[in-house]
Amino acid sequence: MSLFPSPRIRLHEVFVRDRAETTTLTVYEDGLQVIPSAATFQLVDDAGKDVVATSAATISGAGELSYLVPASALPATKDFSDGWLITWVATIDGVDHTFRRPAALARSRLYPVISDVDLEAYYSDLASIRPSSMTSYQGYITEAFIQIVQRLRDEGNFEYLIMDPQSLRAPHLDLTFYLIWKDMDSSGLGEGRYLQLAQEHRRNYESGFKRLKFRYDLDQDGEMDDPNGRRAAMATIYTSAPPAWWNTRRW
């Protein structure tokens with residue numbers, strides 16, 4: 001019996017308004033993907049009203065759950081919101097398990113801005129040292145992107161409001177390289193050189209993220225709020241001013 005199945009939920013789901021969207025979910029236990037015998041899907045808005053009432057979900061032969069949200073459920077008249085909620089109920093070994101995932105309705109979503117071509121522009125021999133079991137470094141690129149989006153959210157940003165995604169390029173490259181070199185070092189390759197590269201790119205990523213600024217579209221009208229102003233990715237922390245008596249000389 002599946003006591004603690006683990007749904008793979010990596011990011012806030014973003015639905016684009018006035019467009020049909022397919023959302024998916026995979027469930028794992030003991031390192032294997034679970035195949036539910038039945039599953040349902042529900043999507044509610046920030047007021048708790050059904051966007052999609054509880055409906056049967058599609059289950060693939062491998063066990064992936066999916067549901068096609070029609071464009072008619074995401075009309076152009078629907079208000080943008082980051083407070084929607086997806087609820088999946090999957091029946092596994094005769095037991096219903098409820099999995100929830102936050103969702104948003106937005107004008108557009110954010111996509112990664114780098115690929116293997118960008119990685120190889122830094123290290124020309126990357127393709128030649130790539131393990132034979134891999135056809136690209138896309139898995140590292142995707143994982144780095146997910147971590148960056150989550151960090152942006154943890155800092156109070158909504159990633160889909162960023163209007164110049166190229167500002168994320170340097171942090172995305174550095175975090176991807178960190179994941180690549182760290183993985184290679186953990187596999188016993190590089191004789192310590194890969195660990196040094198991993199540490200170097202981690203430092204670059206941290207310093208680059210702290211400097212990260214971008215233009216925003218808070219009202220989601222498709223235009224930059226301030227074309228000449230940029231928003232810092234990390235919140236500014238102001239320390240309290242010293243008390244008035246601090247600089248007073250005492251004789």
Side-chain angles (χ1 to χ4, degrees), residues 8-17 19 21 23-24 80-84 101-124 126-127 130 134-184 194 196-237:
R8 196 173 191 211
I9 300 175
R10 297 190 289 172
L11 276 181
H12 206 94
E13 181 73 271
V14 177
F15 296 102
V16 177
R17 198 167 66 173
R19 191 170 80 183
E21 297 277 8
T23 182
T24 63
F80 295 123
S81 174
D82 197 66
W84 287 20
R101 181 182 184 182
L105 181 67
R107 179 177 292 276
S108 61
R109 59 170 57 90
L110 181 70
Y111 293 94
V113 294
I114 67 171
S115 65
D116 279 53
V117 175
D118 299 282
L119 301 180
E120 291 168 16
Y122 272 68
Y123 298 101
S124 59
L126 265 183
R130 187 177 61 229
M134 297 167 47
T135 58
S136 79
Y137 289 98
Q138 186 60 53
Y140 300 97
I141 292 172
T142 300
E143 178 59 29
F145 177 73
I146 288 170
Q147 290 189 27
I148 288 171
V149 169
Q150 187 58 56
R151 185 167 180 178
L152 286 168
R153 283 186 162 270
D154 290 345
E155 293 289 343
N157 304 288
F158 298 121
E159 78 286 350
Y160 50 79
L161 301 182
I162 295 174
M163 294 296 284
D164 42 3
Q166 75 280 357
S167 61
L168 302 173
R169 185 175 185 273
H172 196 179
L173 282 168
D174 279 314
L175 186 55
T176 301
F177 283 132
Y178 166 72
L179 295 174
I180 290 172
W181 299 130
K182 185 186 71 167
D183 192 22
M184 288 191 176
Y194 291 154
Q196 293 176 7
L197 288 172
Q199 293 170 338
E200 175 185 339
H201 282 289
R202 184 71 196 195
R203 289 192 296 269
N204 290 344
Y205 165 68
E206 292 296 337
S207 61
F209 195 94
K210 291 176 182 177
R211 296 192 303 270
L212 182 59
K213 294 183 179 180
F214 42 75
R215 285 169 291 193
Y216 223 51
D217 177 20
L218 190 59
D219 56 9
Q220 295 200 68
D221 63 356
E223 299 179 359
M224 298 175 184
D225 295 334
D226 181 0
N228 298 314
R230 284 173 169 78
R231 175 190 179 104
M234 298 183 68
T236 302
I237 299 176

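Residue numbers count from 1 along this sequence. What's counted below: heavy atoms across the whole structure, side chains too, no hydrogens, waters or symmetry copies.
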pair [X]-[Y]: side-chain heavy atoms closer than 4.5 Å:
{"X": "Glu159", "Y": "Val14", "value": "yes"}
{"X": "Phe209", "Y": "Asp174", "value": "no"}
{"X": "Tyr160", "Y": "Arg107", "value": "no"}
{"X": "Tyr111", "Y": "Phe145", "value": "no"}
{"X": "Arg109", "Y": "His12", "value": "no"}

Note to self: Do Arg17 and Phe80 form a cation-pi contact, if we require the NZ or CZ to be under 6.0 Å from the six-membered ring centre and within 45 degrees of the ring's axis?
What the structure shows: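 Yes, cation above the ring, under 6.0 Å and within 45°.
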Next item on the list: With sequence neighbours excluded, tell me which residues meet side-chain hydrogen bond (donor to acceptor under 3.5 Å, both in side chains) with Tyr140.
Entry: Asp183
Note to self: In this structure, is the centre-to-centre distance between the rings of Tyr122 and Phe177 below 6.0 Å?
What the structure shows: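 Yes, they do, as the ring centres are separated by less than 6.0 Å.
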As an exercise, state the distance from [atom1] of [X] to [atom2] of [Y], rounded to the nearest 0.5 Å.
{"X": "Leu161", "Y": "Asp219", "atom1": "CG", "atom2": "CG", "value": "9.0 Å"}
{"X": "Ile146", "Y": "Leu175", "atom1": "CD1", "atom2": "CG", "value": "11.0 Å"}
{"X": "Arg215", "Y": "Asp164", "atom1": "CZ", "atom2": "CG", "value": "4.5 Å"}
{"X": "Asp226", "Y": "Asp217", "atom1": "CG", "atom2": "CG", "value": "12.0 Å"}
{"X": "Ser115", "Y": "Gln138", "atom1": "OG", "atom2": "CD", "value": "8.0 Å"}
{"X": "Arg211", "Y": "Ser167", "atom1": "CZ", "atom2": "OG", "value": "12.5 Å"}

Check: Quick one: which of Gln147, Arg101, Glu143 gives a side-chain contact (heavy atoms from CB on, under 4.5 Å) with Arg10?
Finding: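 Looking at Gln147, Arg101, Glu143, the match for Arg10 under the side-chain contact (heavy atoms from CB on, under 4.5 Å) is Glu143.
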Item checked: Gln196 side chain to Glu200 side chain, donor-acceptor N/O pair below 3.5 angstrom ->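 Note: Gln196 and Glu200 side chains miss the donor-acceptor criterion.
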Next item on the list: Answer yes when Glu206 and Lys210 have at least one side-chain N-carboxylate O distance shorter than 4.0 Å, and no when they do not.
Entry: no
Notebook entry, point to check: Any salt bridge between Asp118 and Arg169, counting N to O under 4.0 Å?
Noted result: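 Arg169 and Asp118: salt-bridged.
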Check: Which atom pair, heavy atoms only, marks the closest approach of Leu152 to Ala233?
Finding: CD2-CB, 4.0 Å
Next item on the list: Could you tell me which non-hydrogen atom of Ala144 sits nearest to which non-hydrogen atom of Leu179, and how far apart they are?
Entry: N-CD1, 3.8 Å
Notebook entry, point to check: Would the number of heavy atoms belonging to other residues, nucleotides or ligands and lying under 6.0 Å from CZ of Arg19 be above 12?
Noted result: yes
Next item on the list: Would you sort out whether Ile141 and His172 count as a side chain to side chain contact (heavy atoms under 4.5 Å, CB included), showing the intermediate values?
Entry: CA-CA 8 Å; Ile141 292 172; His172 196 179; 3.8 Å; yes
Next item on the list: On the 0 to 90° scale, with breaks at 30° and 60°, tag the Trp84-Phe15 ring pair as parallel, tilted or perpendicular.
Entry: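 Answer is tilted, since the angle falls between 30° and 60°.
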